[in-house]
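Reviewing the structure listed below.
For the single chain, residues carry numbers from 1 onward in sequence order. Because only heavy atoms are used, hydrogens play no part in the values below, and waters and symmetry mates are left out as well, while side chains stay in.
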Amino acid sequence: MKKLDRESLRDSLRTQLWPVPLIAVVLAVALGQFMPFLDHIIDGKLSPLVSGFLFGGGPEAGRSLLETIASSMITVTSLTFSLTVVTLQLASSQFSPRLLRTFTSDRFVHNTLALFLATFSYALTVLRSIRVETSAGSGFVPELAVTLAFLLTLASVVGLVLFLAHLARQIRVETMLRDVHRESDHTLDRIFPRDRRPAGRTQPPVSPGATITIDTSGFLLGIGRGTVLAAAKKADAFVMVDSIPGDSLMYGMPFARAWALDGSPLEASRLAGLQGDLNDAARIGFERTSTQDVAFGLQQLLDVTNKALSPGVNDPTTAVHALSHVSAVLCAVGRRSTGPETLQDDDGRPRVVLTYPTATQLLDLAMDQVLTYAFSDPRTAARTLQILEEVFTTASPDSIDDLRPALLRQARRCRAAIEASDLEDSIRAQLLDTIDELEQTHA
């Protein structure tokens, strides 16, 4: 079992439906135990004005009210969960299965389920404290507790109305694209912060280096920076992690290399310890996440684009909107320092090189998929050419020199795709003129 750092644990909990409702149920049960106790303490001590706002019925009325609340809330919770599942199925089939993480991390859904389940649990807990008057003792109705149950029910009704409105908004493709775009921006801020300096050209020693293999299969979700740096210092070695977060790794495949600080091969004993420590630093899972995977958000946007352009859907308007978000992400990448990150020890010596994608690699990822489908429709073809122009225009001076050859290469690929397309001659000529202008301006 891999150790999860704080960032990965937060992401894991954020994308699960159960943590917030479970906490709410525990708190509701505790509150349901405390409120009748508080009623015992203040029984008969409240002013008539305050008592007038509290529940004034007898034990039978209290039981009936709480039973009604409990039965209705479990029904409403089932309805809410069913609607959520239907929304997940719709997003998965019509847009992309990768979008499910966006829905399961929706705080509004978490909080709504938590409110409903908390009201249900609270009503059941308070119901246990109501006693009917018998020869053995007087009856007891916790007025404060029953009143609070009534207020929680009113809050649940409001929550249901707001949840339905929220759900109707969330299933819109524009909302989904916006959420993925925001998550991509957050990932860029974590991996490629705006104040990140260009990585130094840290080259591995001339010798091949010792190979570090992975001890499980799955996607590389990320590398614990502190853990891998501590492992390199412990082994007194220089480590280069060759795999990028998001790569699919198979058991026994190499994912990193290591050298002694002087560039010589590592001893067998040091290599064995480093092997285990680096595997502890690598987080492997069967579902890609956005924690360190810079390309994951971009891939989600491309999935929506490709699905919209498929013959079964044929929705070029959605594709154009998705391409706008793809362009925004690529422009944000072009304004940052990308590529590998070098971790240094306390003495300033390079110890670890973590591999992250460059702006050119992310541009190629986007264009490789868009070129396959986008040039069958004039709107998506024109929007694809705009992506190149926008990245050219907004790239930072530090990035444009590396990006320019890739952008011009993609422009040539677009030219070939347009010439081979079935578009009308006039539209084809207009698109080719756009490429000519772009190449002349930025060559």
task = Would you check if V352 and T342 make a side-chain contact, meaning some heavy-atom pair closer than 4.5 Å?
result = no
(message) Just so I know, are the side chains of L271 and I212 near enough to count as touching, which here means a heavy-atom distance under 4.5 Å?
(response) yes
Starting from the C-alpha separation in whole Å, work towards a yes-or-no answer on side-chain contact (heavy atoms from CB on, under 4.5 Å) for I244 and L220. CA-CA 7 Å; I244 299 175; L220 178 62; over 6 Å; no
CZ of F116 to CG of L160, rounded to nearest 0.5 Å, is 4.5 Å
| request: Salt-bridge test for R428 and D425: reply yes if a basic N is under 4.0 Å from a carboxylate O, no otherwise. | output: yes
Does the pair F219 and T289 meet the rule for a side-chain contact (heavy atoms from CB on, under 4.5 Å), with working shown?
CA-CA 9 Å; F219 291 104; T289 70; over 6 Å; no
- Message: Using a 3.5 Å distance criterion without hydrogens, assess whether the side chain of T434 forms a donor-acceptor pair with backbone atoms of Q430.
- Response: yes
One should read off an interatomic distance between N279 CG and D215 CG, to the nearest 0.5 angstrom, of 3.5 Å
Tell me if the CE atom of M253 is crowded by more than 12 foreign heavy atoms within 6.0 Å. no
Smallest heavy-atom separation, L17 atom then T104 atom, equals CD2-O, 4.1 Å
Note: A231 and L278 closest approach over all heavy atoms is CB-CD2, 4.4 Å
Residues 111-125 vs side-chain hydrogen bond (donor to acceptor under 3.5 Å, both in side chains), sequence neighbours excluded, gives T119-S156
So salt bridge (charged side-chain N to carboxylate O under 4.0 Å, His left out) across residues 348-358, not counting sequence neighbours, yields D236-R351, D345-R349, D345-R351, D347-R349
So the side-chain hydrogen bond (donor to acceptor under 3.5 Å, both in side chains) pairs with at least one residue in residues 371-382 (sequence neighbours excluded) are T317-R379
Of all heavy-atom pairs linking S217 and F286, the shortest is O-CZ, 3.5 Å
When you measure from the side chain of R196 to the backbone N and O of S337, does any donor-acceptor pair fall under 3.5 Å? yes
Flag the pair F192 / T187 as yes when at least one side-chain heavy-atom distance between them is below 4.5 Å, and no otherwise.
no
Do other residues, nucleotides or ligands put more than 12 heavy atoms under 6.0 Å from the CG atom of D262? yes
Notebook entry, point to check: Between Q361 and T358, is there a donor-acceptor pair closer than 3.5 Å when you use the side chain of the first and the backbone of the second?
Noted result: yes
Minimum side-chain heavy-atom gap L363-L407 below 4.5 Å: yes
By salt bridge (charged side-chain N to carboxylate O under 4.0 Å, His left out), D433 pairs with (sequence neighbours left out) none
Worked verdict on F95 versus Q300 for side-chain contact (heavy atoms from CB on, under 4.5 Å): CA-CA 9 Å; F95 301 112; Q300 289 176 290; over 6 Å; no
Are the side chains of L302 and L365 in contact, using a 4.5 Å heavy-atom criterion? yes
Ring pair (Phe, Tyr, Trp, His ring centres under 6.0 Å) filter on F108, not counting sequence neighbours, yields H166
Residues T360 and A406: closest non-hydrogen pair is CG2-CB, 3.5 Å
Check your understanding: L221 and T291: side-chain contact (heavy atoms from CB on, under 4.5 Å), yes or no, with the steps?
Key -> CA-CA 7 Å; L221 306 184; T291 305; over 6 Å; no
In K234, K233, R270, the residue satisfying salt bridge (charged side-chain N to carboxylate O under 4.0 Å, His left out) with D277 is K234
Heavy-atom nearest pair, A322 first then T305, reads CB-OG1, 3.1 Å
Would you list the atom pairs, donor with acceptor, under 3.5 Å between side chains in residues 171-179 and any protein atom, with sequence neighbours excluded?
from : atom 1 : to   : atom 2 : distance (Å)
T175 : OG1    : R169 : O      : 2.8
D179 : OD2    : Q170 : NE2    : 3.4

Applied to residues 291-301, the salt bridge (charged side-chain N to carboxylate O under 4.0 Å, His left out) test, sequence neighbours excluded, yields R288-D293
- Message: Looking at I223, is its backbone amide N or carbonyl O close enough to the side chain of T227 to form a donor-acceptor pair, meaning the two atoms are under 3.5 Å apart?
- Response: no
**Prompt:** Hey, does L148 have a side-chain heavy atom less than 4.5 Å from the side chain of L31?
**Reply:** yes
Rounded to the nearest 0.5 angstrom, the CG-CG distance for L403 and L408 is 10.5 Å
Applying side chain to side chain contact (heavy atoms under 4.5 Å, CB included) to I427 and not counting sequence neighbours gives P378, L423, E424, L431
Distance col, row I435:CD1 vs L388:CG, nearest 0.5 angstrom, shows 8.0 Å
The reported gap from CZ in F163 to OG1 in T80 (rounded to nearest 0.5 angstrom) is 5.5 Å
Residue set satisfying ring pair (Phe, Tyr, Trp, His ring centres under 6.0 Å) with H181, at least two apart, ordered chain then number -> H325
All heavy atoms of F375 vs all of A381, minimum pair found to be CD2-CB, 3.5 Å
The complete set of side-chain hydrogen bond (donor to acceptor under 3.5 Å, both in side chains) pairs with one or both residues in residues 388-397, sequence neighbours excluded, reads S327-E390, R383-E390, E389-T393, E389-H442, S396-S399
Non-hydrogen side-chain atoms of V326 and L298 separated by less than 4.5 Å: yes
* More than 12 non-hydrogen atoms from neighbouring residues, nucleotides or ligands closer than 6.0 Å to CZ on R409, yes or no? -> yes
CE of M73 to CG of L152, rounded to nearest 0.5 Å, is 9.0 Å
Do the non-hydrogen side-chain atoms of M367 and T384 ever get within less than 4.5 Å of each other? yes
Taken in chain and number order and not counting sequence neighbours, the residues that satisfy salt bridge (charged side-chain N to carboxylate O under 4.0 Å, His left out) with D401 are R404
Which side-chain N or O atoms in residues 412-420 pair as donor and acceptor under 3.5 Å with protein atoms at least two apart or in another chain?
from : atom 1 : to   : atom 2 : distance (Å)
R413 : NH1    : D368 : OD1    : 2.6
R413 : NH1    : Q410 : OE1    : 3.2
R413 : NH2    : D368 : OD1    : 3.3
R415 : NH1    : D436 : OD1    : 3.2
R415 : NH2    : D436 : OD1    : 2.5
R415 : NH2    : E439 : OE1    : 2.9

